[in-house]
There are 2 protein chains.
Amino acid sequence: MGYTIGQVAKKTGLSVHTLRYYEKEGLLPFIKKNSADLRVFSDSDLGWLELIECLKATGLHLKGIKQYIDWYIEGDSTLQQRLDMFKQQKIRVEQQMAELQKHMNKINYKIELYTQAVKDGTLHPEKETA
Amino acid sequence: MGYTIGQVAKKTGLSVHTLRYYEKEGLLPFIKKNSADLRVFSDSDLGWLELIECLKATGLHLKGIKQYIDWYIEGDSTLQQRLDMFKQQKIRVEQQMAELQKHMNKINYKIELYTQAVKDGTLHPEKETA
DNA sequence: GCTTGACCTAGAGTGTGCTCTAAGTTCTAA
DNA sequence: TTAGAACTTAGAGCACACTCTAGGTCAAGC
């Protein structure tokens, strides 16, 4: 229930530099410091890091994540904005999934093409535009 | 069957700057120049741009895309490398899809949470780590 | 013949997200 | 009590992928 920055770095795969950078950017406003001025991460902070990772991986920039956290801090008056943000993010993820499926189809086609080409020892039809 | 850089920019949504940059980086080695030194893009070049987009969107850096194009230029002796690259890329896309599904689940949970919170006018349980 | 617009090259500048360095403090353990 | 590891801040540096600027060419239309 209390982790050092090094422990959190190991747990999350982020570097200690990145964790400090996130804090500086206002993405981790709930971290405490102990008497020796060392950061003490709680389980809740780990939860925030997971959420940051989720929003980042789905295309939100740190600025957008900060906006969400600022809304969170502001309290119940921003519930609608936060809901809207998640709804917007859901739409993005759906688009990303559709895009990814299209890319997968193209890659599968290439794998077929090149599997045959390796068998033949040559790539004949050059269907690069497929 | 012959497009100016401006026409290709409109078609693809890339800027003319980006297209020139891609060429400079060796990603478009098949583009011709006409007598006035203007680039002439062919349909095949548009196909290459689609492939570049596909590889970029699935996590390959321009350097990796260049590697593929260099292999392509090198000819049949690199068929196996190119096949391996596409297989590797397929694995990446599968991972990305799984990740994206996890993120979608988290976002859906948040949408439920905040939909209820907006109804209630307040967010009680603070299940940020869910 | 002159303006406009699209193109050209070379190279500088920008935004994002880290990543590292320097100089210093604090804790642990031999 | 002293070495070493882990932490601190402030700020510089870096990689990537653009993005823009300056200065110039060229073709078409008024």
Side-chain angles (χ1 to χ4, degrees), chain A residues 2-42 45-46 48-70 89 92 96 99 103, chain B residues 2-42 45-46 48-70 92 99 103:
Chain A
Y3 310 100
T4 67
I5 195 168
Q7 288 168 335
V8 174
K10 253 181 209 152
K11 259 181 209 283
T12 60
L14 300 167
S15 74
V16 295
H17 304 293
T18 301
L19 289 167
R20 290 196 196 104
Y21 170 68
Y22 281 3
E23 194 198 19
K24 198 172 64 183
E25 294 300 305
L27 266 48
L28 297 167
F30 309 115
I31 293 175
K32 304 274 186 303
K33 299 273 189 93
N34 70 11
S35 56
D37 221 37
L38 302 193
R39 288 175 185 80
V40 181
F41 288 72
S42 69
D45 292 320
L46 294 182
W48 278 101
L49 281 168
E50 264 183 48
L51 183 59
I52 289 167
E53 166 60 19
C54 170
L55 294 174
K56 194 157 69 74
T58 54
L60 212 56
H61 286 193
L62 300 193
K63 206 179 287 184
I65 299 172
K66 169 131 177 50
Q67 171 69 89
Y68 169 75
I69 288 166
D70 289 346
Q89 209 58 16
R92 278 192 207 186
Q96 286 169 31
E99 279 297 296
H103 296 320
Chain B
Y3 311 98
T4 68
I5 195 168
Q7 288 168 334
V8 174
K10 251 180 211 152
K11 258 182 210 281
T12 61
L14 300 167
S15 74
V16 295
H17 304 293
T18 300
L19 289 167
R20 290 195 198 105
Y21 169 68
Y22 281 1
E23 194 198 19
K24 199 172 63 182
E25 293 300 303
L27 266 47
L28 297 168
F30 309 115
I31 293 175
K32 305 274 187 302
K33 299 273 190 91
N34 69 12
S35 56
D37 221 36
L38 304 193
R39 287 174 186 80
V40 182
F41 288 71
S42 69
D45 292 319
L46 295 181
W48 279 101
L49 282 169
E50 264 183 47
L51 182 59
I52 289 168
E53 166 61 18
C54 170
L55 294 174
K56 194 156 69 72
T58 54
L60 212 56
H61 286 193
L62 300 193
K63 206 179 287 183
I65 298 172
K66 169 130 176 53
Q67 171 68 89
Y68 169 75
I69 288 168
D70 289 346
R92 279 193 207 186
E99 280 297 296
H103 295 321

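Note that this is a predicted model, so its numbers are computed, not measured. Values below: all heavy atoms of this structure, side chains included; hydrogens, waters and symmetry mates excluded. Convention: sequence-line order gives letters A, B, ...; per-chain numbering from 1.
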Starting at [atom1] of [X] and ending at [atom2] of [N], how long is that distance when rounded to a whole Å?
X	N	atom1	atom2	result
A:Glu25	C:dT16	CD	P	10 Å
A:Lys24	C:dC20	NZ	C1'	12 Å
B:Leu19	D:dA17	CG	C1'	14 Å
B:His17	C:dG11	NE2	P	17 Å
A:Asn34	D:dC7	CG	C1'	10 Å
B:Arg20	D:dC20	CZ	C1'	11 Å
A:Leu28	C:dC18	CG	P	12 Å
A:Glu23	C:dC18	CD	P	15 Å

> 5'-most contact on DNA chain D: B:Lys63 or B:Ala36, nearest heavy atom basis?
Replying inline: B:Lys63
> Taking for each residue the nucleotide of DNA chain C with the nearest heavy atom, is it A:Ser15 or B:Ile5 whose nucleotide lies nearer the 5' end?
Replying inline: B:Ile5
>> Quick check on DNA chain C: between A:Ser35 and A:Leu14, whose nearest nucleotide comes earlier from the 5' end?
In response: A:Leu14
Counting side-chain heavy atoms from CB outward, which of [options] is closest to [X]?
X	options	answer
A:Asp37	C:dG17, C:dC7, D:dT8	D:dT8
B:His61	C:dC18, C:dC8, D:dC16	D:dC16
B:Thr18	D:dC16, C:dT9, D:dT19	D:dT19
B:Lys33	C:dC7, C:dT16, C:dT9	C:dT9

>> Could you check whether any side-chain heavy atom of B:Ile65 comes within less than 4.5 Å of a side-chain heavy atom of B:Leu62, counting everything from C-beta outward?
In response: yes
> For A:Thr58, does its backbone N or O pair with a side-chain atom of A:Gln96 as donor and acceptor, under 3.5 Å?
Replying inline: yes
>> Closer than 3.5 angstrom, by distance alone: can the side chain of A:Asp70 be matched with the main-chain N or O of A:Gln67 as a donor-acceptor pair?
In response: no
> Hey, does A:Arg39 reach any base, or is it just sugar-phosphate, or nothing, if we go heavy atoms under 4.0 Å?
Replying inline: sugar-phosphate
>> Regarding A:Thr4, tell me which of base, sugar-phosphate or nothing describes its non-hydrogen contacts under 4.0 Å with the strands shown.
In response: sugar-phosphate
OP1, OP2 of [N] versus side-chain N and O of [X]: anything below 4.0 Å?
X	N	answer
A:Tyr21	C:dC20	no
A:Tyr22	C:dC18	yes
B:Lys66	D:dC16	no

>> Quick check for you: to the nearest 0.5 Å, what is the distance between A:Lys56 atom NZ and A:Leu27 atom CG?
In response: 10.0 Å
> What residue among B:Ile52, B:Leu49, B:Thr18 forms side-chain contact (heavy atoms from CB on, under 4.5 Å) with B:Thr12?
Replying inline: B:Leu49
